[in-house]
Protein chains: 2
Amino acid sequence: MNTRTSHLVIDPRLDRILRPRSVAVVGASNDIARISGRPLRYLLEHGFDGTIYPINPKRDEVQGLKAWPSLASLPETPDVAILAIPAVAIPDTLKEAGQIGLPGAIIMASGFAEASEDGRALQDYVRDIAAEGGVRLIGPNCVGLFSTGARFYGTFTQSLDAGVPQDGGVAVVSQSGAYGGYIAWLARQRGLGVGTWITTGNEVDLEVGECVAWLAGQDEVKVIALYLEGIRNGPAFLDGLARARAAGKPVVAMKVGRSEAGARAATSHTASLAGADEVYDAIFREFGVYRAETTEEQLDIAEACLHGVFPSGNRLGILTLSGGVGVQMCDAAVKYGLDVPPMPQDAQAELKALLPYAAVTNPIDTTAQMMNDMSLVTKNLQMVLERGGYDSLVSFLTTVPGAEAYSGPLRDAILKGVEGFEERLAVLCMAAPEEAKQAYRDAGFVVSQDADRAVQIVGALTAFGQSFAAAAATRPVLPAPDPTLTAADTLSEHAAKQVLARAGVPFLPERLAKTRDEAAAFAKEVGTPLAMKVSSAQIQHKTEIGGVLLNVSGADAAAAAYQTLEANAARNAPDAVLDGILCAPMAPKGVEVIVGTLRDPVFGPVVMFGLGGVLVELFRDVTFERAPFDIGTARKMIGRVRSAPLLAGLRGAKPSDTEALAKLLSDVSCFAAANAETVVSMDLNPVLVLPEGDGVVALDAVVEPG
Amino acid sequence: MNTRTSHLVIDPRLDRILRPRSVAVVGASNDIARISGRPLRYLLEHGFDGTIYPINPKRDEVQGLKAWPSLASLPETPDVAILAIPAVAIPDTLKEAGQIGLPGAIIMASGFAEASEDGRALQDYVRDIAAEGGVRLIGPNCVGLFSTGARFYGTFTQSLDAGVPQDGGVAVVSQSGAYGGYIAWLARQRGLGVGTWITTGNEVDLEVGECVAWLAGQDEVKVIALYLEGIRNGPAFLDGLARARAAGKPVVAMKVGRSEAGARAATSHTASLAGADEVYDAIFREFGVYRAETTEEQLDIAEACLHGVFPSGNRLGILTLSGGVGVQMCDAAVKYGLDVPPMPQDAQAELKALLPYAAVTNPIDTTAQMMNDMSLVTKNLQMVLERGGYDSLVSFLTTVPGAEAYSGPLRDAILKGVEGFEERLAVLCMAAPEEAKQAYRDAGFVVSQDADRAVQIVGALTAFGQSFAAAAATRPVLPAPDPTLTAADTLSEHAAKQVLARAGVPFLPERLAKTRDEAAAFAKEVGTPLAMKVSSAQIQHKTEIGGVLLNVSGADAAAAAYQTLEANAARNAPDAVLDGILCAPMAPKGVEVIVGTLRDPVFGPVVMFGLGGVLVELFRDVTFERAPFDIGTARKMIGRVRSAPLLAGLRGAKPSDTEALAKLLSDVSCFAAANAETVVSMDLNPVLVLPEGDGVVALDAVVEPG
């Protein structure tokens, strides 16, 4: 369990560190090709409008600026220091930094935890010195940060050699310096404004979550793009995401290590504990984070977010000059979770009157004929938006916007058509020279060059809109931790069931018979056939030692079965301590599901749900949710698995009691959260979901303490 | 069933039509903004090096060229005529064309089958006139074609206003004129050479398949990019794909209408019969066609194909200057079906000696330190390729290739590193200015800007390599059609089983009892409990009318059951003619699968296979294959479904008899192919796959004639 504290109050030092008005460059040199020279060069080249203090005891001047011998010699305490010095020199410099009350330092050197055990020790030492002196740290092993608004370029990334991105509403936080530089380069190339850019490196102190929390509070930040290899401080990350959502700021994340091969590579690469990738998916879904798979997708979505329109409905209107591409966009709509409802019948007739050659259902294919009269473009758009009532519109304009004669008039006609529908999202797809596309962007449209990606953008912005519009889920009040649980004791099935029954999990009535007579008495009491199993904390696989008998009918048979099981255990597991024989009625008929919890090393307890048997094994048809959660969230969880129709009643079967299942999931989530200190994982497999009104019943339970 | 003939001999006229040395432009005008003016303008602007004959009876000169009054007045028969005239004028012109022996005509006008029923009649008329005169037709409702090698631009697409693509090895065939123009524009923008470009429009004569067949025979064509809304002539398309594969020419297809919503839109848009999208997937897989989902993906893959290296193995080496992006590439490798095996242990040690900071497993992360000594780049690459033995290499170079000081030296170092490994595919991922990327391309590398897409390219080229390397599947010899089948007669279950048993499908021994005594005798003969069902061509849902009884034990019970079933049928389906009562032993235990055939309207009979029950219903876990096929193909088919591990024996269960299942699939495919004229579809649901050695047995059979 991660025990770092969550930064629930934004550290006021961050304003100075991330958007400084004065900076010391420790180890500044004249060699502008080197780490020691490049930050100073960038600061000078791009006109940092605060004070720069090069620190170099061997020189009077560096890159034309007066050089200072030490941090202590400065006439004022700068906002931040860039430490362009080797790892071994960092501790002494940080002691000095603490003495002058420096808010923060950027450590660029590598050779810390990422390199060796010695490096990790040095990193811990550095962390302690900084904490003692009250100095916040960025890095080590990072490439720094920049703030376009402050014209501050505290980085040595070679990717800025060709120029820096323009100012703008995109903030980038990257755990990888190389990726950070890469995305900055691509952003500049496409004219996308990146106002804030932070690489966090080994995150000995400042990490992604706290950056996101800070960015959420900055007015000029409109969208946050993340590159994640592994989160170290789960609570701080969740706090950051919650703030971003509350502030209506979309987060577009690239998280690597999805595949097993990737996760293996990540573990060997980063110094962080990798949480399960599926748990990241759950966290992203919970907070409405968009997970991008490619850099271009990440940039596309981030760019579109600057537009600021996030539809809360998923009804898409498709308007094209080409029927075929309309079909392609339909396919894409399905892929990206959008609906393509038809125009109302009467509106279809009116559209047909306007454009006799057009297809008027949705996609609406006007054919290129519409270009002959631009007023038709306007009327057509107005009718589609007003009568179709679509939340978003995507329009395929072929190469027409690049034709000089048409580009301006078409743009004006479209602008007039969408007038009064500013809350609708309009994405235009075109192949046109950069200037023409920019003119459409300047007119307020999202522009894409690819029909599929244009629809993907709508899907992403709609998901943001729906996340912003949804009320944050209420977290249930946690029960007290179960007093009988300790991290050290293993639990028998019977003990696990007792603990979980207290937490609200329904089990079949069962008796831990200690004698053959007790077994016989229970059989009489129940009146229906029994399942009988040995109970011992030392026996995990009961079937294999002959420890299970099913369909035991009547008192005499129960007594005989008791003896058989006892004898089997003695013979096949002689070292096991037998608690007794667990007797229960045979299970009723129901849909088999599995419910489990696990304690993610980063994000704490999560609940897993899926339908049972081969569906889980072959199709990995399971879903995760962070614990604890309420019944409403549990209902959504149930609806999310692909096999959910089995519970609703496939082929005319009776619907199952999904309400009872939802309550079980929520109860289990509360149990896992309340006992997070003592329970590593818990499994109910199978749980039978009985017909509506009859509830659920768990047949088996395992609790792993630790 | 599509009855058009397949063009199994390439029409020699296509050489003249698609790469003409002389052209008539019928209806040529001076207005270069119009359809009638633009082709002539393009021909003149881009220096068509053959003879141009503008045809316009009202003028002496058009766009500076001597105009001719009619096709008949020309001094020679041109290779092709562009008909830039309205639909109504087409028939007369085509009559004239036939009289002078014109090889082909491009019809650009719309107003044919895509517009109305009258238009369809006109289109049929036009087709007949052309066929009679021996004139091949392109279109109608197309935007023409171009051949860069011949400098022939017989098109009015506005997308060429800004310029034409350079000459090159990519051929584009698009059913949509708008998409054709779009992709041509994008190809020109990225400097991708498109030597041949054909839009086929309504395909009254020339359609995609025949174009592909012709392109497969052209030396200068290296890759074929298709845009498909729906194939009209299945056999010709298959012939084209077979030729392309035999010639080692990759086909990259965009096929729209994948989703149900998309398919609905396509049906309303095209005049073609849409085959099932899953059948297209099967055809594409069979012929190694890559199916792209976005235009950029289509262009990326086509461009990479020009490189000409198609690995037949899927072992990928990943070499990066950034560990994080290596993880991302690992994820991508899994997604795109590639393997990322580690370097051999001893080679890892040697790499580590070379680059102490590097991660040396695979991904190999050299960190940017390697840049300090370019000879390390070379050595490193040599070692990775030689000792790792990877089929492909993808390398993430960050923004370094864009840095003036590094770009050239790095390129040279990489070139030296891959020397002698020309059969390996090397894809470089970089963010760099266009000129820098081009320099790397010119040096022989595939260049991508996105880490995910770089790996996607490797996946695609590997799939081509494996398809080219695989021997074409042998088609089994077909049996004679079943003489008892006619397209008109419906079949009872019993009759269907008799037909299919002759085709090799194993059923349980069964008897169609006509009397209660016959049922009793059969029960005695079998000796195990029976399943008994009413048999009637008029009763499809037997259970619902009380027409099924299970576990009927012994002769007396069988006699009684006979009477019950007969009575139930008389009461609940009084109009049905009862053949008798079908008696069979109760089914043995096995894995349930479903096997079916359907006759695709475009591609003919295909076989569907999937595991039974909810797996089919919820997960659509089925696969298709064109009939007929051999046992080898059937084995692959079985391995393709996600639930295949169930047959192999999950959780220690005994493996099922997949060999018998493969034989069944192949036999069923032969049956479907042999009886394609009389059978619409066939279903065996369920088929039980028994334990290894015990074979398979089909429990139910439906044959739908027609």
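- Atom CZ of A:Arg34 sits in a sparse spot, with 12 or fewer heavy atoms from other residues, nucleotides or ligands closer than 6.0 Å.
- Proximity to chain A is absent for every atom of B:Gln456, based on heavy atoms less than 4.5 angstrom apart.
- Residues B:Glu260 and A:Val334 are not in side-chain contact: their nearest non-hydrogen atoms beyond the backbone lie 4.5 Å or more apart.
- Between B:Ala403 and A:Gln158 the shortest heavy-atom distance is CB-NE2, 3.0 Å.
- Heavy-atom minimum distance, A:Gly257 versus B:Val327: N-CG1, 3.2 Å.
- In this structure B:Glu293 satisfies the salt bridge (Lys or Arg N to Asp or Glu O under 4.0 Å) test together with A:Lys335, B:Arg258, sequence neighbours excluded.
- There is no contact between A:Asn362 and chain B, counting heavy-atom distances below 4.5 Å.
- For A:Met329, no part sits under 4.5 Å from any heavy atom of chain B, backbone or side chain.
- Contacts with chain A were tallied for B:Thr157, B:Val340, B:Thr320, B:Asp621; B:Asp621 has the most, counting heavy-atom pairs under 4.5 Å.
- Top candidate by heavy-atom pairs under 4.5 Å with chain A, chosen from B:Thr295, B:Ile318, B:Leu228, is B:Thr295.
- When all heavy atoms of B:Gly324 and A:Val256 are compared, the closest pair comes out as O-CG2, 3.9 Å.
- When A:Cys330, A:Ala405, A:Ala451 are compared by the number of non-hydrogen pairs under 4.5 Å with chain B, A:Cys330 comes out ahead.
- A:Ser159 places none of its side-chain heavy atoms less than 4.5 Å from the side chain of B:Thr398.
- In this structure, the side chains of A:Gln189 and B:Glu434 stay at 4.5 Å or more apart for every pair of heavy atoms.
- The shortest distance between side-chain heavy atoms of A:Ser643 and B:Phe619 falls below 4.5 Å.
- Closest of all the heavy-atom pairs between B:Thr399 and A:Gly181 is CG2-O, 4.2 Å.
- Both the backbone and the side chain of B:Ala431 come within contact range of chain A, judged by heavy atoms closer than 4.5 Å.
- Side-chain atoms of A:Tyr179 never come within 3.5 Å of backbone atoms of B:Ser322 as a donor-acceptor pair (strictly under, hydrogens ignored).
- Looking at A:Glu617, the atoms closer than 4.5 Å to chain B (heavy atoms on both sides) all sit in the side chain, from C-beta outward.
- Chosen from B:Pro433, B:Pro356, B:Gly177, B:Ser174, the residue pairing most often with chain A at heavy-atom distances under 4.5 Å is B:Pro433.
- Of the possible donor and acceptor atoms, none in the side chain of B:Asp450 sits under 3.5 Å from a partner among the backbone N and O of A:Thr294.
- Looking at B:Glu297 and A:Asp452, their side chains never come closer than 4.5 Å, going by heavy atoms from C-beta outward.
- By the 4.5 Å heavy-atom criterion applied to side chains, B:Cys429 and A:Tyr182 are counted as neighbours.
- Atom CD of residue B:Gln449 and atom CD of residue A:Glu296 lie 5.5 Å apart, to the nearest 0.5 angstrom.
- A:Gln328 has its side chain out of reach of B:Lys255: every pair of non-hydrogen atoms, C-beta onward, lies at least 4.5 Å apart.
- Heavy-atom distances place no part of A:Tyr406 under 4.5 Å from chain B, backbone and side chain included.
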